[in-house]
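Below: the structure, in structure tokens.
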Amino acid sequence: MARPSIKEYLTSNPDKVLVLDGGQGSELEKRGINVATPVWSTAPFVSDSFWSDKSSGDREIVKGVFSDFSTAGAEILMTTTYQTSFKSVSENTSIKTIEEYNTLLNHIVQFSRDCIGEEKFLIGCIGPWGAHVCAEFNGDYGKHPENEDYYEYFKPQLDNFFNNNNLDLIAFETIPNIHELRAILSWDESILSKPFYIGLSVHENGCLRDGSTIEDVCQLIKSFGDKINPNLLLLGINCANFNHSADIMESIHKQLPNMPLIIYPNNNEIYDTVKKMWLPNSKQYFTWDTLVKRYIEAGARIIGGCCRTTPDDIKQIAAAVKKYSKN
Ligand SMILES: C[S+](C)CC[C@H](N)C(=O)O
Ligand SMILES: N[C@@H](CCS)C(=O)O
Ligand SMILES: [Zn+2]
């Protein structure tokens, strides 16, 4: 394989900060793909013509997104599989069986790998349980979130991703609820058998979207002590408000100083879950240059952008990473 294991890479290059790509789903949308569907950015891949017609327009758009994020400086990129859980796919598309589902995931991962080449790292993206019911930005998991069988929900995607050598790292992204976080942390190496990270969905006030404080979250992680799954490589926040992202990172770093962090905020807009569109919010008070400097000082090892960030954002992030990291 052309690349080392990501765990080995981060350990043997302790000053290296990797540049991640930007908001894949929103970038596909900007370029004309309709992702306002129950499967979000999986939409282009569930159409047969995407695979049978090698010159399909959607194929060119997806390739273009990978290519432009790579050229902008991304060294680690994600599959567009945020809302590709078996539940979301089987309830909303013509794909119904586990066999068909595995074929879909295998195709998407191989296509993504072909787009980025063998040198760059590829993340298998998994959205939260709440993505299916559009609760990733309010953390509302119903009356008894503690009773939900999160493993049953994630298992088909996990089984596929953990067996796919094209993937270097697995992402649990935009996790808004502490019960879901507790469940993920409770799974040992027999379930989460290769490197993974957890990206928390946090409110601009610094709390997890369900209202749990960052202290609650860090305490929960500390409570695992040395029983924590050694494959948990990084913790962080994603799709957080741009303006507040560095404050939140610093607060996590203060409480978990030895935890390698990952951060990729959105561009400050707010997602309207009914219209399935991004709405403008207050303006951005900082530049990427200022934020990236603070992220690195607060222990970030991977930095990128989430929804509505573009290749131009990644270019600015890459320049700032070059300026402020010692790699
Ligand atoms: C804006 S994306 C990160 C989330 C999409 C949402 N789960 C939906 O289904 O509309
Ligand atoms: N990485 C996801 C969004 C997470 S909020 C995507 O771009 O679709
Ligand atoms: Zn996002």
Side-chain angles (χ1 to χ4, degrees), residues 20-31 33-46 61-62 65-66 68-69 74 76-85 87-89 91-93 108-109 112 115 122-141 153 157 161 167 169-177 180 196-204 208-209 236-242 244-245 248 262-281 302-311 313-314:
L20 176 70
D21 57 357
Q24 308 85 15
S26 54
E27 192 61 24
L28 293 180
E29 186 168 46
K30 274 188 193 163
R31 297 179 188 210
I33 291 184
N34 178 22
V35 295
T37 75
V39 290
W40 180 242
S41 59
T42 322
F45 306 108
V46 294
I61 292 175
V62 180
V65 167
F66 275 115
D68 291 351
F69 278 132
I76 178 163
L77 297 99
M78 270 189 210
T79 58
T80 49
T81 48
Y82 175 83
Q83 222 147 296
T84 321
S85 67
K87 189 169 171 66
S88 292
V89 168
E91 287 182 7
N92 296 294
T93 78
I108 298 175
V109 173
S112 311
C115 286
L122 185 61
I123 299 174
C125 171
I126 303 182
W129 179 90
H132 182 73
V133 288
C134 231
E136 62 269 74
F137 298 116
N138 64 18
D140 182 357
Y141 276 29
Y153 177 80
Q157 201 167 1
F161 280 3
L167 297 174
L169 182 63
I170 305 301
F172 289 98
E173 280 199 311
T174 335
I175 302 294
N177 187 288
E180 181 176 32
F196 72 98
Y197 75 81
I198 300 174
L200 303 170
S201 177
V202 288
H203 191 269
E204 59 187 50
L208 201 62
R209 301 277 184 173
I237 58 173
N238 77 280
C239 223
N241 176 290
F242 182 86
H244 297 269
S245 57
I248 302 167
I262 175 165
I263 172 135
Y264 49 112
N266 60 37
N267 82 336
N268 211 32
E269 292 179 350
I270 297 200
Y271 190 64
D272 181 324
T273 54
V274 177
K275 294 190 186 132
K276 288 193 184 288
M277 61 190 284
W278 289 91
L279 303 175
N281 188 18
I302 302 184
I303 302 175
C306 203
C307 295
R308 303 283 285 170
T309 61
T310 66
D313 290 291
I314 301 310

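It should be emphasised that the depicted structure is a prediction, and the values quoted were computed from it without experimental measurement. Atoms within a ligand are numbered from 1 in the order they appear, just like the ligands themselves.
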Practice item. Could you tell me which atoms of ligand 2, counted from 1 in the order shown, lie closer than 4.0 angstrom to a heavy atom of Glu173? Key: 1 (N), 2 (C), 3 (C), 4 (C)
Review point. Which protein heavy atom lies closest to atom 5 (S) of ligand 2, and at what distance to 0.1 Å?
Key: Thr174 OG1, 3.3 Å
Practice item. Provide the number and element of each atom of ligand 1 under 4.0 Å from a heavy atom of Ala131. Key: 7 (N), 9 (O)
Exercise for review: Please write down residue, atom name and distance for the protein heavy atom closest to atom 2 (S) of ligand 1.
Suggested key: Trp40 CE2, 3.4 Å
Revision key, fill the gap. Per-atom filter on ligand 2: closer than 4.0 angstrom to a heavy atom of Gly25 are 6 (C), 7 (O), 8 (O)
Exercise for review: Around atom 4 (C) of ligand 1, find the nearest protein heavy atom and jot down its residue, atom name and distance.
Suggested key: Glu136 OE2, 3.1 Å
Practice item. Apply the side chain to side chain contact (heavy atoms under 4.5 Å, CB included) test between Tyr197 and each candidate in Ile302, Ile170, Asn238, Ile262; give the one that qualifies. Key: Ile262
Study note, to complete from the structure: Under 4.0 Å from one or more heavy atoms of Trp40, ligand 2 contributes atoms 6 (C), 8 (O)
Revision key, fill the gap. Honestly, for Ser26 the part within reach of ligand 2 (heavy atoms, under 4.0 Å) is neither
Exercise for review: For Ser88 and Thr84, indicate whether the former's side chain and the latter's backbone hold a donor-acceptor pair under 3.5 Å.
Suggested key: no
Review point. His203 and His244: side-chain contact (heavy atoms from CB on, under 4.5 Å), yes or no, with the steps?
Key: CA-CA 9 Å; His203 191 269; His244 297 269; over 6 Å; no
Practice item. Run the contact test for Cys134 against ligand 1 with a 4.0 Å cut-off on heavy atoms, strictly below, and give the result. Key: yes
Review point. What atoms of ligand 2 come within less than 4.0 Å of a heavy atom belonging to Gln24?
Key: 1 (N), 2 (C), 6 (C), 7 (O)
Revision key, fill the gap. For Gln83, the atoms of ligand 1 under 4.0 Å from one of its heavy atoms are 4 (C), 5 (C), 6 (C), 7 (N), 8 (C), 9 (O)
Review point. Given side chains that start at C-beta, do those of Thr309 and Tyr264 come closer than 4.5 Å, heavy atoms only?
Key: no
Check your understanding: Judged by atom type as modelled, is there a donor-acceptor pair below 3.5 Å linking the side chain of Gln83 to the main-chain atoms of Pro38?
Key -> yes
Check your understanding: Would you say the side chain of Cys239 lies within less than 4.5 Å of the side chain of Glu173, judging by non-hydrogen atoms?
Key -> no
**Study point:** Ile33 side chain near Val62 side chain, heavy-atom distance below 4.5 Å
**Key:** yes
Exercise for review: Write down the atom of Glu180, the atom of Gly130, and the distance for their closest heavy-atom approach.
Suggested key: OE2-N, 4.5 Å
Practice item. Would you mind listing which atoms of ligand 2 come within a distance below 4.0 Å of any non-hydrogen atom of Cys239? Key: 5 (S)
Check your understanding: Does the side chain of Ile248 come within less than 4.5 Å of Leu200's, by heavy atoms?
Key -> no
Revision key, fill the gap. Within 4.0 Å of some non-hydrogen atom of Lys276, the atoms of ligand 1 are 8 (C), 9 (O), 10 (O)
Check your understanding: Which ligand 2 atoms are under 4.0 Å away from a heavy-atom of Cys307?
Key -> 3 (C), 5 (S)
Check your understanding: Sorted by chain and residue number, which protein N/O/S atoms are under 2.8 Å from the Zn ion (ligand 3)?
Key -> Cys239 SG, Cys306 SG, Cys307 SG
Check your understanding: Should the ring pair Trp278 and Phe137 be called parallel, tilted or perpendicular, given that the plane angle runs from 0 to 90° and is split at 30 and 60?
Key -> perpendicular
Review point. So do the side chains of Val35 and Thr80 get within less than 4.5 Å of each other, counting heavy atoms only?
Key: no
Check your understanding: With only distance considered, is Cys307 within less than 3.5 Å of ligand 1 through an N or O on each side?
Key -> no
Review point. What part of Gln83, side chain from CB on, backbone N/CA/C/O, both or neither, has a heavy atom under 4.0 Å from ligand 2?
Key: neither
Point to revise | Contact atoms of ligand 1, heavy-atom distance to Tyr82 under 4.0 Å | key: 3 (C), 4 (C)
Practice item. Check whether any side-chain heavy atom of Asn266 sits under 4.5 Å from a side-chain heavy atom of Tyr271, and report yes or no. Key: no
Point to revise | pair Glu27-Phe69: side-chain heavy atoms closer than 4.5 Å | key: yes
Point to revise | Sub-4.5 Å side-chain heavy-atom contact between Phe161 and Thr81 | key: yes
